[in-house]
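Throughout, protein chains are lettered first and strands after them, A, B, ... in sequence-line order, and every chain is numbered starting at 1.
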There are 2 protein chains.
Amino acid sequence: MELHHVRYFLVLCEEQHFSKAARRCGISQPSLTNAIKRLEQSIGGALFQRRPRAAPTQLALAIKPDLEQILISTELAHRKAKRLSFERNLD
Amino acid sequence: MELHHVRYFLVLCEEQHFSKAARRCGISQPSLTNAIKRLEQSIGGALFQRRPRAAPTQLALAIKPDLEQILISTELAHRKAKRLSFERNLD
DNA sequence: AATGCTTACGGGTCACGTAATGATT
DNA sequence: AATCATTACGTGACCCGTAAGCATT
């Protein structure tokens with residue numbers, strides 16, 4: 001499980017549509033399919049139904065809040081690190 | 001910034017020694033050097049002094065607690081996901 | 001036929017190991 | 001010389017896009 005997978009997962013949860021989610025992620029639809037497949041393999045279970053919609057499974061809904069929190073924390077930490085780094089480089 | 005980088009970073013913070021940290025991470029010393037270099041590039045600043053020891057910089061110490069929390073949260077979420085997936089597969 | 005997801009394939013990047021080099025003690 | 005980190009180089013995995021295939025409506 002890597003962070004870019006988590007990003008794609010959360011967008012797809014919102015869109016419930018591979019094409020639209022891929023567009024929002026800035027990647028192609030097949031790439032998103034592959035990324036989600038890898039995440040599902042890493043976890044060992046399906047995260048989305050495919051038909052008729054890309055609806056999150058119960059498993060996906062259960063872990064979604066945790067992954068949202070992780071992504072937010074990561075973005076904050078990265079931003080903080082870059083800011084501190086920038087400030088230190090002024091000395 | 002990806003999660004395996006974060007893992008390596010935290011181990012190196014503890015060991016303050018590339019060889020030992022690499023061994024604990026299960027990778028070679030040159031691979032650890034590369035991984036840390038990438039993380040430093042992603043952030044924009046040095047995370048470790050190299051001589052005489054691989055001592056964490058102030059920047060590294062400042063973000064270490066955040067990254068520890070992220071890693072713990074990630075491991076918990078992944079474990080939870082695998083457990084739920086396993087239980088569902090019994091149905 | 002149209003829409004939507006998956007599979008197939010080729011190219012670039014990154015992770016990794018081994019070997020060689022550089023720097024410090 | 002010994003120790004420790006970096007650089008060089010080759011291999012394999014992964015991410016990505018385009019194109020083709022399959023399924024549902």
Practice task
Sort and list the pairs that fulfil salt bridge (charged side-chain N to carboxylate O under 4.0 Å, His left out) and have at least one residue in residues 1-12 of chain A, not counting sequence neighbours.
Solution key: none

Handout entry: Stepwise side-chain contact (heavy atoms from CB on, under 4.5 Å) check, Leu47(B) with Ile63(B)
Key = CA-CA 10 Å; Leu47(B) 292 170; Ile63(B) 62 175; 4.0 Å; yes

Fill in the blank from the handout: Sorted by chain and number, sequence neighbours left out, side chain to side chain contact (heavy atoms under 4.5 Å, CB included) with Glu14(B) holds for Arg24(B)

Handout entry: Partners meeting side chain to side chain donor-acceptor pair (under 3.5 Å) with Gln58(B) (sequence neighbours left out)
Key = Arg88(A)

Measure across [X] and [Y] and return the closest heavy-atom pair with its distance rounded to 0.1 Å.
{"X": "Leu59(A)", "Y": "Ala46(A)", "result": "CD2-O, 3.6 Å"}
{"X": "Gly44(B)", "Y": "Ser85(A)", "result": "O-OG, 2.7 Å"}
{"X": "Gln16(B)", "Y": "Pro56(B)", "result": "NE2-CD, 3.5 Å"}
{"X": "Leu39(B)", "Y": "Phe9(B)", "result": "CD2-CB, 3.7 Å"}
{"X": "Tyr8(B)", "Y": "Leu32(B)", "result": "CB-CD1, 3.6 Å"}

N/O donor to acceptor pairs below 3.5 angstrom from side-chain atoms of residues 74-81 of chain B, sequence neighbours left out:
residue  : atom : partner  : partner atom : Å
Thr74(B) : OG1  : Ile70(B) : O            : 2.7
His78(B) : NE2  : Ser42(A) : O            : 3.2
His78(B) : NE2  : Ser42(A) : OG           : 2.9
Lys80(B) : NZ   : Ala62(A) : O            : 3.4
Lys80(B) : NZ   : Asp66(A) : OD1          : 3.1

Handout entry: Boundaries of the chain B footprint along DNA chain D (any atom under 4.0 Å from a heavy atom)
Key =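 The contacted stretch runs from dC4(D) to dT7(D).
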
Practice task
Provide the start and end nucleotides, 5' to 3', of the part of DNA chain C that has atoms under 4.0 Å from heavy atoms of chain A.
Solution key: dG4(C) to dT7(C)

Practice task
Under the salt bridge (charged side-chain N to carboxylate O under 4.0 Å, His left out) rule, collect the residues that match up with Lys64(B), sequence neighbours excluded.
Solution key: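 By the salt bridge (charged side-chain N to carboxylate O under 4.0 Å, His left out) rule, Lys64(B) matches Glu68(B).
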
Completion exercise
Residue set satisfying salt bridge (charged side-chain N to carboxylate O under 4.0 Å, His left out) with Arg38(A), at least two apart, ordered chain then number -> none

Problem - DNA chain C contacts made by residues 15-24 of chain B, counting heavy atoms under 4.0 Å - result: none

Exercise for the section: Kindly state which residues belonging to residues 29-38 of chain B come within less than 4.0 angstrom of DNA chain C, counting heavy atoms of the residue only, listed by number. Expected result: Pro30(B), Ser31(B), Arg38(B)

Solution key, residues 48-55 of chain A side-chain donor-acceptor pairs under 3.5 Å, sequence neighbours excluded:
residue  : atom : partner  : partner atom : Å
Arg50(A) : NH1  : Glu40(A) : OE2          : 3.0
Arg50(A) : NH1  : Phe48(A) : O            : 2.9
Arg50(A) : NH2  : Glu40(A) : OE1          : 3.3

Handout entry: Rounded distance [0.5 Å steps], CG in Leu10(B) versus CD1 in Ile72(B)
Key =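 Those atoms lie 9.0 Å apart.
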
Problem - Inter-residue atom distance Met1(B).CE - Lys82(A).NZ, 0.5 Å rounding - result: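 Atom-to-atom, Met1(B):CE and Lys82(A):NZ are 9.5 Å apart.
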
Handout entry: Close residues, residues 40-64 of chain A, relative to DNA chain D [heavy-atom separation under 4.0 Å]
Key =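 Within residues 40-64 of chain A, the residues near DNA chain D are Arg51(A).
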
